[in-house]
Enquirer: 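Handing you this structure, nothing more for now.
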Amino acid sequence: MENPVPDFQQFALDIQSAMQSAIAEAEKLRDEAAADREQAAEIRSQAIDLRHKIENREHRKAEDFFAQNAKRLKDEMREKLLEQVAQKLRKAGMAEDRISLKLATFSE
Amino acid sequence: MDHQDGNDPYAAAFAQMKAGNERAIDDILKTARAARAEAADLLADAKVELLELENSLDKFAAKCAEEHRLDLEKDLLRRVKKGVAEQLLRRSTTPEDVAALLEMPDEEVREIAESVAFSNSLAGAMPVLIGEERAWLEYEDSGRGGYIIFHWGGRTNRFWWEFGTGNALVLVDIPSAESWEGETGIPLRNRAAALEYIGRKTSREQGNGDSHFRIEEKQIVLLRKLGEGKT
């Protein structure tokens, strides 16, 4: 018995239909992924804005504090620095009167 | 219709085409699902990140404040060190010693030293008119003292200076009015202006702005400022 002639048209329709379904599914997934990425970008942008706001606020606070206390802080730092220098000079064998003279102009 | 019939000569080709189509579909869906999952992970991560930030705002703020405070302190210390380095360099401390004493990079101290040398040369190179002649100063340090070199026109006078004690920062020896002309070759009528110039310039440049000066009969005394209204 001879084999019947296959239904090429039906076969092509089957294959095309399966591919179209897959493409539709892939496009749906692509759109969902795009929506998620967009939302993620928005959330990250919110987080960045929030960070910047806090950073700026805290920086301004620290700068205001420094501006108000600049002289005191500078004096304290200078005093501490000069004491460290004096200690090093002492350690190097310099006499006290010479150390005082060397650093004299720095004292307020 | 059964395209899988083993007796059908087309069956094998159909099966092969069908399998190829299925593989292509699998690939398409696999790629799409992976991209979808990746995007979902991205969104989840972003949500977690925002949530964590919102839950730790105080901690984050404290961290920012502390970091910035440290930056500001570092900057202030750098400026304080620069000021002290300038003064030590003016007091004849070598750049190498200054770098070691202040724990500063050699390169930075060398730059400051160049700037100090430049400002000294600039100070010397910018004369003022005293009487009918141009006058300018140079400094020559040698440890505990040195010379202030006062140029007036073509005349050059060297006045010895040394560190003072107590409230007196620096003492500059000058000729008395009586011996002024003989010692300096500068007319007596210009003495007051010359001494005023030396005192003002030395106080500003060598006293770090923390001093004022008093002209006495045989000395200019640079005095430490004790505070507003207390000199």
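Here is how names work: the chains are called A, B, and so on, in the same order as the sequence lines, proteins then strands, and each is numbered from 1.
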Enquirer: By a 4.5 Å heavy-atom criterion (distance strictly below it), what part of A:R57 contacts chain B: side chain, backbone, both, or neither?
Expert: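 The answer is the side chain of A:R57.
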Enquirer: Give the member of B:E73, B:K63, B:K81 that has the highest number of heavy-atom pairs under 4.5 Å with chain A.
Expert: B:E73
Enquirer: Hey, would you say the B:Y147 and B:W160 ring centroids sit under 6.0 Å apart?
Expert: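 So the answer is yes for these two rings.
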Enquirer: Under 4.5 Å, counting heavy-atom pairs only, tell me which of B:L72, B:L53, B:D97, B:L102 racks up the most with chain A.
Expert: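 If we count pairs closer than 4.5 Å to chain A, B:L72 comes out on top.
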Enquirer: Please flag which part of B:E162 lies under 4.5 Å from any non-hydrogen atom of chain A: side chain, backbone, both or neither.
Expert: neither
Enquirer: Under 4.5 Å heavy-atom distance to chain B, tell me which part of A:Q87 shows up: side chain, backbone, both or neither.
Expert: neither
Enquirer: Between A:L73 and chain B, with a heavy-atom cut-off of 4.5 Å, which part of the residue counts as in contact: side chain, backbone, both or neither?
Expert: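 Both backbone and side chain.
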Enquirer: Sort A:L81 into side chain, backbone, both or neither according to what part of it lies under 4.5 angstrom from a heavy atom of chain B.
Expert: side chain
Enquirer: Is B:R79 in contact with chain A via its backbone, its side chain, both, or neither, using a 4.5 Å heavy-atom distance?
Expert: neither
Enquirer: Counting only heavy atoms closer than 4.5 Å, note whether A:Q84 contacts chain B via side chain, backbone, both or neither.
Expert: neither
Enquirer: If I measure from the heavy atoms of chain B, does A:K61 come under 4.5 Å with its side chain, its backbone, both, or neither?
Expert: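 Neither part; nothing is under 4.5 Å.
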Enquirer: Does any heavy atom of chain A fall under 4.5 Å from the side chain of B:A100, the backbone, both, or neither of them?
Expert: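 Contact with chain A is through the backbone of B:A100 alone.
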Enquirer: Got a second to check how far B:H68's NE2 is from B:D75's CG, nearest 0.5 Å?
Expert: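 The CG atom of B:D75 is 9.5 Å from NE2 of B:H68, to the nearest 0.5 Å.
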Enquirer: Do A:D64 and A:Q68 pair up side chain to side chain, a donor and an acceptor below 3.5 Å, judged on atom types alone?
Expert: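 No - no donor-acceptor pair under 3.5 Å links their side chains.
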Enquirer: Top residue by heavy-atom pair count (under 4.5 Å) with chain A, among B:D45, B:L76, B:L77, B:L42?
Expert: B:L76
Enquirer: Specify which of B:A61, B:A44, B:A40 makes the most heavy-atom pairs with chain A at under 4.5 Å.
Expert: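 Result: the option with the highest number of such pairs is B:A61.
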